[in-house]
Visitor: 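Attaching a single structure in structure tokens format; questions to follow.
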Amino acid sequence: MTPEVPFVYSPALRAKLGEYRALNRLPAPIADLVFPLLIVPPPKDRDPESGRKPTLEEIVHFTGARIGRYWPLRLAMLDTRCLFSAFGEMNCTEWLPRLFSVARSSNARVIPVMTLEDIVGVRGDAFS
């Protein structure tokens, strides 16, 4: 007997508003087969909604809230690694857990993406 494959498609998306909307518009039978990798855009990218670079607090709040709004109660991977160089590794134990907390409180089911190097040191503390 062949084990059932839960997901058949895992797109890598830049976690911008249009991509969230596209995920949200998927019919439920298709969405059940999708396991997206949401890559938080670097803060040097302008936010089309505000017309300026987002602050750390805006990224933390809007990223988590958008995932919960547009991909509620569905699994997704969330890659936040570009934020370490932009906002600092030393204070990541403050902002990274908050981002995932906002996501969970918004009904998002996100799995952090990390490398083996991220497991040790201050990044490991932030991810745990």
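In what follows, residues are counted from 1 in the order of the sequence shown.
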Visitor: Heavy atoms, side chains only, cut-off 4.5 Å: are Cys92 and Val122 in contact?
Guide: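 Yes. Closest side-chain heavy atoms under 4.5 Å.
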
Visitor: Should the ring pair Phe84 and Trp95 be called parallel, tilted or perpendicular, given that the plane angle runs from 0 to 90° and is split at 30 and 60?
Guide: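 Tilted.
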
Visitor: Begin from the C-alpha positions of Val40 and Asp79 and carry the test side chain to side chain contact (heavy atoms under 4.5 Å, CB included) through to its verdict.
Guide: CA-CA 6 Å; Val40 178; Asp79 188 345; over 6 Å; no

Visitor: To check you understand the geometry: which heavy-atom pair defines the closest contact between Leu23 and Val34, and what is its length?
Guide: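 Looking at all heavy atoms of both residues, the closest pair is CD2-CG1, 4.3 Å.
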
Visitor: Checking side-chain contact (heavy atoms from CB on, under 4.5 Å) between Leu78 and each of Thr63, Ile111, Leu37, Val113, which is the one that passes?
Guide: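 Only one of Thr63, Ile111, Leu37, Val113 forms a side-chain contact (heavy atoms from CB on, under 4.5 Å) with Leu78, namely Thr63.
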
Visitor: Please give me the minimum heavy-atom distance between Glu58 and Arg52, naming the atom from each residue.
Guide: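 Heavy-atom minimum between the residues: OE2-NH2, 2.6 Å.
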
Visitor: Is there side-chain contact between Arg123 and Met114, with heavy atoms separated by less than 4.5 Å?
Guide: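 They are not in contact (no side-chain heavy atoms under 4.5 Å apart), so the answer is no.
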
Visitor: To the closest 0.5 Å, what do you measure between CD (Glu89) and CG (Asp118)?
Guide: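 Rounded to the nearest 0.5 Å, the CD-CG separation comes out at 8.0 Å.
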
Visitor: What distance separates Arg74 CZ from Asn24 CG, expressed to the nearest 0.5 Å?
Guide: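 It is 9.5 Å, given to the nearest 0.5 Å.
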
Visitor: Side chains of Ile67 and Arg109: closer than 4.5 Å at any heavy-atom pair?
Guide: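 In short, these two side chains do not touch, never coming nearer than 4.5 Å.
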
Visitor: Which value, rounded to the nearest 0.5 Å, describes the distance between Ser101 atom OG and Leu96 atom CG?
Guide: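 The CG atom of Leu96 is 11.0 Å from OG of Ser101, to the nearest 0.5 Å.
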
Visitor: Quick one: pull up CD1 in Ile39 and CE in Met77 and give me the separation to the nearest 0.5 Å.
Guide: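 If we round to the nearest 0.5 Å, Ile39:CD1 and Met77:CE are 9.0 Å apart.
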
Visitor: Give the minimum heavy-atom separation between Phe87 and Thr55, together with the two atoms involved.
Guide: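 Closest approach of Phe87 to Thr55: CZ-C, 4.2 Å.
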
Visitor: Of all heavy-atom pairs between Pro97 and Ala126, which one has the smallest distance, and what is that distance?
Guide: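 The pair with the smallest heavy-atom distance is CG-O, 3.6 Å.
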
Visitor: When hydrophobic residues are tied together by side-chain contacts of less than 4.5 Å, even through go-betweens, does Phe127 share a cluster with Val120?
Guide: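 Phe127 does not cluster with Val120.
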
Visitor: For Arg69, I'd like to know if atom CZ has over 12 heavy atoms of other residues, nucleotides or ligands within 6.0 Å.
Guide: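 Counting neighbours around CZ of Arg69, 12 or fewer heavy atoms of other residues, nucleotides or ligands fall under 6.0 Å, so no.
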
Visitor: Measuring from Lys16:NZ to Arg21:CZ, what's the distance to the nearest 0.5 Å?
Guide: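 The CZ atom of Arg21 is 13.5 Å from NZ of Lys16, to the nearest 0.5 Å.
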
Visitor: Any side-chain heavy-atom pair from Leu13 and Tyr20 closer than 4.5 angstrom?
Guide: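 Answer no - side chains too far apart.
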
Visitor: Consider only side-chain heavy atoms of I, L, V, M, F, W and Y, link residues closer than 4.5 Å, and tell whether Leu26 and Tyr9 are in one cluster.
Guide: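 Yes.
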
Visitor: If you compare all heavy atoms of Ala108 against all heavy atoms of Gly64, which two are closest, and at what distance to 0.1 Å?
Guide: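 So the two residues come closest at CB-O, 4.5 Å.
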
Visitor: Please examine the side chains of Phe100 and Pro112, heavy atoms only from C-beta on, and report whether any two atoms are closer than 4.5 Å.
Guide: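 They are in side-chain contact.
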
Visitor: Restricting to non-hydrogen atoms, name the atom on Leu38 and the atom on Ala76 that form the minimum distance, rounded to 0.1 Å.
Guide: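 Smallest heavy-atom distance, with atoms named: CD1-CB, 4.1 Å.
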
Visitor: Just wondering, do Glu19 and Pro36 contact through their side chains at under 4.5 Å, heavy atoms?
Guide: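 Pro36 does not reach Glu19 side chain to side chain.
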
Visitor: Distance from Leu75 atom CG to Ser10 atom OG, nearest 0.5 Å?
Guide: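 It is 11.0 Å, given to the nearest 0.5 Å.
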
